[in-house]
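Just so it is clear, the model here is predicted, and its values are computed rather than measured. Order of the sequence lines sets the chain letters (A, B, ...), proteins ahead of strands, with each chain counted from 1.
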Amino acid sequence: MKKDGRSRINWIFENFVTFLRRCTFRVLSVGPIPEHIAYIMDGNRRYAKKQNLIEGTGHRAGFLALMSMLKYCYEMGVRYVTIYAFSIDNFKRRPEEVQSLMDLMQEKIEGLMEEESIVNRYGVRVHFLGNLKLLSEPVRLAAERAMVATANNSKAVLSICVAYNSTNEIVHAVEKACEEKWEEISLLNASGSGYGLIGLECIEKDERENLIKLIDIEKHMYVSVAPDPDILIRTSGETRLSNFLLWQSAYCYLYSTPVLWPEIGFRHLLWAILNFQRNHFYLEKKRKQL
Amino acid sequence: MNIREEMQKANRLIAQIGNFGLQLLWFILHLSVSTWYFLLDLAHVVESYFISSGLMKSYKALNLGKLRYLAIVVGSEEAYQTSKVIELLQWLEAIGVKHVCLYDMEGVLKRSKEAILEKMSNTTVFQEADENDKLLDQKHMMLEFASFSDGKEAVAKAANLLFAKYLTSNNSSEDQEGEIFTEPHLTEALRAVGSGGPEPDLLLVYGPVRCHQGFPAWRIRYTEIVHMGSLKSMRYGSLIKAIYKFTMVRQNYGK
């Protein structure tokens, strides 16, 4: 009887909290709501140390925090969420740690494809962005399966950056742009209208310097599946970007909060969005200028 | 019919009152946030006063060893206040910072380069060749001026350089693809097009919002980004505090 009573109180409390949250979203929606929020999930290891947990449990707690944050974002109508799950720099960690992170990732990716997961509840399409060739075979296969399984979802987008680095992304985009241009020129040449472009002898110097345009590079960026982020939230108080979305964050509000990632909650998201709304007009003006 | 019309009118009225109520709540919410920031600003002014008057001992001895390169992002409207920029540079010189990069999106600071250099004695403009000149390091402060065109557009120009190499390698039918498109090669290409400065350790943003406004992406991988408020309300104490906090940061670089 007692247990029943307690669980009933819990149920009422949870529903009340959800109701309050929905009301807050309603009020916030009077102002601009960001279209794309990016998260740097920093502080899992520090959390584990702080709570005296075994190493590795911090990341599991971080995953739970991620699920709540995604729920809040999608409830509020944020269409694109991007998270920094694993950086190319993180491969430098101890092999056991990297392996346990990979195992955790594989487990959670497979969990995402289940029926009652958040992905299906909110119609989320999942992308895995980064140099996936650096991942081990089982993780890469799980990621590709998840991408195919959710390809038809169209209400929201979740971009998970694994084996990702902004500088790596830029180099990769430049490489793909060059390859594409090469094919274009080869085709022109083959059909006889290239005028020997391949030899580069007949082009004017100016034209030669302008063969690859900015737009060619930008469409080959991994993160081109989403528009530029509106807010970039980094937890655990660090003020750097750590090679994440450097190219896309030109007009993005960078929010840094001292809380550790597993401890992040609704109030931090609320504060970030309030700040975003305060500065939205200025950032939009800047974005339109160039 | 009348009843239905009346009901529709009533519904619309209720919806309008509801909307008005929401807007009022939103406004009150933002008013509270603004009040909070106002109070925070007051606290900062007081703190800055204590720091500049030397009362806070921990800020007295700044260890500038870690701060090799400092970058400053200024909102383009505020960049027209050249006197403020010069004052900021003079403070930095007094603190002992040796390399500074001034960035603003539209290139206003680049155009005021002459005016700034005139007022600042003992400064030289950063050039690639001087990087290894130790003698200059000691006495002069090196300034670099950057704008939006040194960011994304520079990468496009560098891409064209790499493309030219790619074409030649394809023509000579050697399989060198893996060796042309690497990070060091792009860095070199950026340097060749004139946008290859060093990576700043600390980036101070003087503007209404914490946003790097398109500072060359290639260079801010591990840069600490700190928001200092608007240029016209800049304070010496806040500058010292920002630099001090930077010296306390410990980076893992992913490990």
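- Contacts between V155(B) and chain A at a heavy-atom distance below 4.5 Å involve backbone atoms as well as side-chain atoms.
- Neither the backbone nor the side chain of Q248(A) comes within contact range of chain B, judged by heavy atoms closer than 4.5 Å.
- Between H185(B) and F181(B), the ring centre distance reaches or exceeds 6.0 Å.
- Looking at S87(A), there are no atoms closer than 4.5 Å to chain B (heavy atoms on both sides), in backbone or side chain.
- No part of F27(B) comes within reach of chain A, as not one of its non-hydrogen atoms sits under 4.5 angstrom from that chain.
- Residue D216(A) does not touch chain B at all, counting heavy-atom pairs closer than 4.5 Å.
- The greatest number of non-hydrogen atom pairs below 4.5 Å with chain B, out of L232(A), N168(A), L274(A), is found for L274(A).
- A 6.0 Å sphere centred on CD of E55(A) holds no more than 12 heavy atoms belonging to other residues, nucleotides or ligands.
- When heavy atoms are compared at a cutoff of 4.5 Å, N90(A) approaches chain B by way of both its backbone and its side chain.
- Taking the ring axis of F246(B) as reference, the NZ or CZ atom of K66(B) stays within 45° of it and closer than 6.0 Å to the ring centre.
- Contacts between L22(B) and chain A at a heavy-atom distance below 4.5 Å involve backbone atoms as well as side-chain atoms.
- Residue L186(B) touches chain A through its side chain alone, counting heavy-atom pairs closer than 4.5 Å.
- Only the side chain of I217(A) comes within contact range of chain B, judged by heavy atoms closer than 4.5 Å.
- Interface residues of residues 30-46 of chain A toward chain B, defined by a heavy-atom distance below 4.5 Å and sorted by number: V30(A), G31(A), R45(A).
- Contacts of L245(A) with chain B are absent, with no heavy-atom separation under 4.5 Å from either backbone or side chain.
- Residue contact with chain B, scored on non-hydrogen atoms closer than 4.5 Å, is absent for S166(A).
- Around the CD1 atom of I215(A), the shell of radius 6.0 Å holds no more than 12 heavy atoms that belong to other residues, nucleotides or ligands.
- A salt bridge links D230(A) with R287(A): the distance from a Lys NZ or Arg NE/NH1/NH2 to an Asp or Glu carboxylate oxygen falls below 4.0 Å.
- For chain A, the nearby parts of S76(B) are the backbone and the side chain; heavy atoms of each come within less than 4.5 Å.
- The residue among K245(B), Q23(B), E77(B), H227(B) with the most heavy atom pairs within less than 4.5 Å of chain A is E77(B).
- Taking the ring centroids of F148(B) and Y103(B), they lie at or beyond the 6.0 Å cut-off.
- Contacts between residues 252-259 of chain A and chain B, defined by a heavy-atom separation under 4.5 Å, are made by C252(A), Y253(A), L254(A), Y255(A), S256(A).
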